[in-house]
Amino acid sequence: MMAAMRVLLVAVLAVAAHVFVPASAADLPGFALWKSDELKQRDKALSGKVGDDHSARETLADYKSHRFRLLYRDADGFPEQHDNIVDVVIVQSGAGTLLLGGKMVNRRGGTNGEYMGTSIEGGERHPLGPGDIVHIPATVPHSFLVPRGGHITYVLVKFPPQ
């Protein structure tokens with residue numbers, strides 16, 4: 001009788017374990033994980049796809065309310081400003097300088113509150129390297145500067161201000 005009770009208890013626990021185990025993260029809607037090794041491979045691939053603007057990029061995920069992008073730059077980027085988007089930058093490799101604030105020169109665009117310019121007057125310079133994280137508020141002009149012969153690769157998370 002005791003042996004039968006133990007078998008029954010083990011069977012009940014085994015069934016309960018399968019019923020009450022939470023779904024794996026891979027089964028959760030919207031879950032994503034980009035491992036360091038994968039980002040390094042993507043970084044290397046992007047370095048071979050640099051365009052006339054001295055950058056290459058790919059969208060890692062677009063969740064409509066926010067998106068993740070990976071960008072590789074081997075020269076200075078054009079100044080930009082987003083009236084309705086916050087940028088969070090996570091530097092993966094290389095080094096550069098973030099020029100932040102000031103006044104955008106020759107501002108053009110305006111489609112959906114997105115502007116580009118030819119330079120920024122004033123602003124503050126912030127050196128960046130691997131592991132650095134930056135929060136760039138909406139409406140603030142900014143540009144990534146890359147030393148000659150260098151590069152910077154970063155994950156960019158874009159979302160609307162709240």
Side-chain angles (χ1 to χ4, degrees), residues 23-162:
S24 73
D27 294 333
L28 296 174
F31 174 81
L33 172 64
W34 297 280
K35 300 292 277 181
S36 177
D37 287 344
E38 176 188 357
L39 291 174
K40 287 176 187 172
Q41 290 174 355
R42 289 174 183 251
D43 182 347
K44 185 176 180 179
L46 285 177
S47 72
K49 299 177 183 178
V50 175
D52 292 339
D53 67 348
H54 296 282
S55 71
R57 65 201 77 214
E58 73 171 288
T59 299
L60 298 172
D62 189 339
Y63 296 103
K64 305 300 178 217
S65 64
H66 62 286
R67 66 183 155 146
F68 289 79
R69 303 193 81 196
L70 184 66
L71 281 93
Y72 176 99
R73 293 188 182 280
D74 66 5
D76 295 354
F78 290 110
E80 54 189 69
Q81 176 182 328
H82 324 285
D83 287 349
N84 303 307
I85 298 290
V86 172
D87 284 347
V88 173
V89 174
I90 306 160
V91 180
Q92 298 298 302
S93 68
T97 300
L98 172 65
L99 179 56
L100 183 71
K103 181 181 177 194
M104 190 179 302
V105 177
N106 297 320
R107 188 172 100 157
R108 62 191 183 284
T111 306
N112 298 322
E114 300 279 329
Y115 302 94
M116 303 250 329
T118 55
S119 63
I120 293 177
E121 289 179 353
E124 296 179 356
R125 292 176 183 261
H126 301 274
L128 298 176
D132 291 346
I133 301 174
V134 180
H135 178 271
I136 303 171
T139 75
V140 177
H142 56 282
S143 181
F144 291 91
L145 310 176
V146 179
R148 185 173 304 229
H151 86 280
I152 188 168
T153 302
Y154 52 92
V155 172
L156 174 64
V157 183
K158 299 178 92 50
F159 59 92
Q162 298 186 339

Check step by step if side chain to side chain contact (heavy atoms under 4.5 Å, CB included) holds for R42 and T153. CA-CA 10 Å; R42 289 174 183 251; T153 302; over 6 Å; no
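- Inspection of the Y154 and R73 side chains reveals an N or O donor paired with an N or O acceptor under 3.5 Å.
- Here the shortest heavy-atom pairing between P160 and S65 reads CD-O, 2.8 Å.
- Taking each heavy atom of A61 and W34 in turn, the nearest pair found is CB-CZ2, 3.7 Å.
- Here NZ of K103 is found 12.5 Å from CD1 of I120. Values are rounded to the nearest 0.5 Å.
- Side chains of E114 and I85 form a contact here, defined as non-hydrogen atoms less than 4.5 Å apart.
- For the atom pair H126 NE2 and E124 CD, the distance stands at 4.5 Å (nearest 0.5 Å).
- Rounding to the nearest 0.5 Å places CD of Q81 at 12.0 Å from CE of M116.
- In terms of heavy-atom proximity, M104 sits nearest to E80 at CE-C, 3.3 Å.
- Taking every heavy atom of both residues into account, A138 and P161 meet most closely at CB-CG, 4.0 Å.
- In this structure, H142 and F144 have perpendicular ring planes: the angle between them is above 60°, well past the 30° mark.
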Side chain to side chain contact (heavy atoms under 4.5 Å, CB included) between L100 and I136: does it pass, once the steps are laid out? CA-CA 8 Å; L100 183 71; I136 303 171; 3.8 Å; yes
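- Around CZ of R125, the count of heavy atoms belonging to other residues, nucleotides or ligands within 6.0 Å does not exceed 12.
- Within the 4.5 Å cutoff, side-chain heavy atoms of H82 are placed close to those of K158.
- Taken from CZ in R148 to CG in D76, the straight-line distance is 9.5 Å, to the nearest 0.5 Å.
- Residues S143 and G77 come closest through the heavy atom pair OG-O, 2.8 Å.
- In this structure, Q41 CD and L46 CG are separated by 12.0 Å, a value rounded to the nearest 0.5 Å.
- A donor atom on one side chain and an acceptor atom on the other are not found under 3.5 Å apart for D74 and H151.
- Across all non-hydrogen atoms, the minimal contact from V50 to S47 is CG2-O, 3.5 Å.
- Here the straight-line distance linking atom CG of L98 with atom CD1 of I152 works out to 8.5 Å at 0.5 Å rounding.
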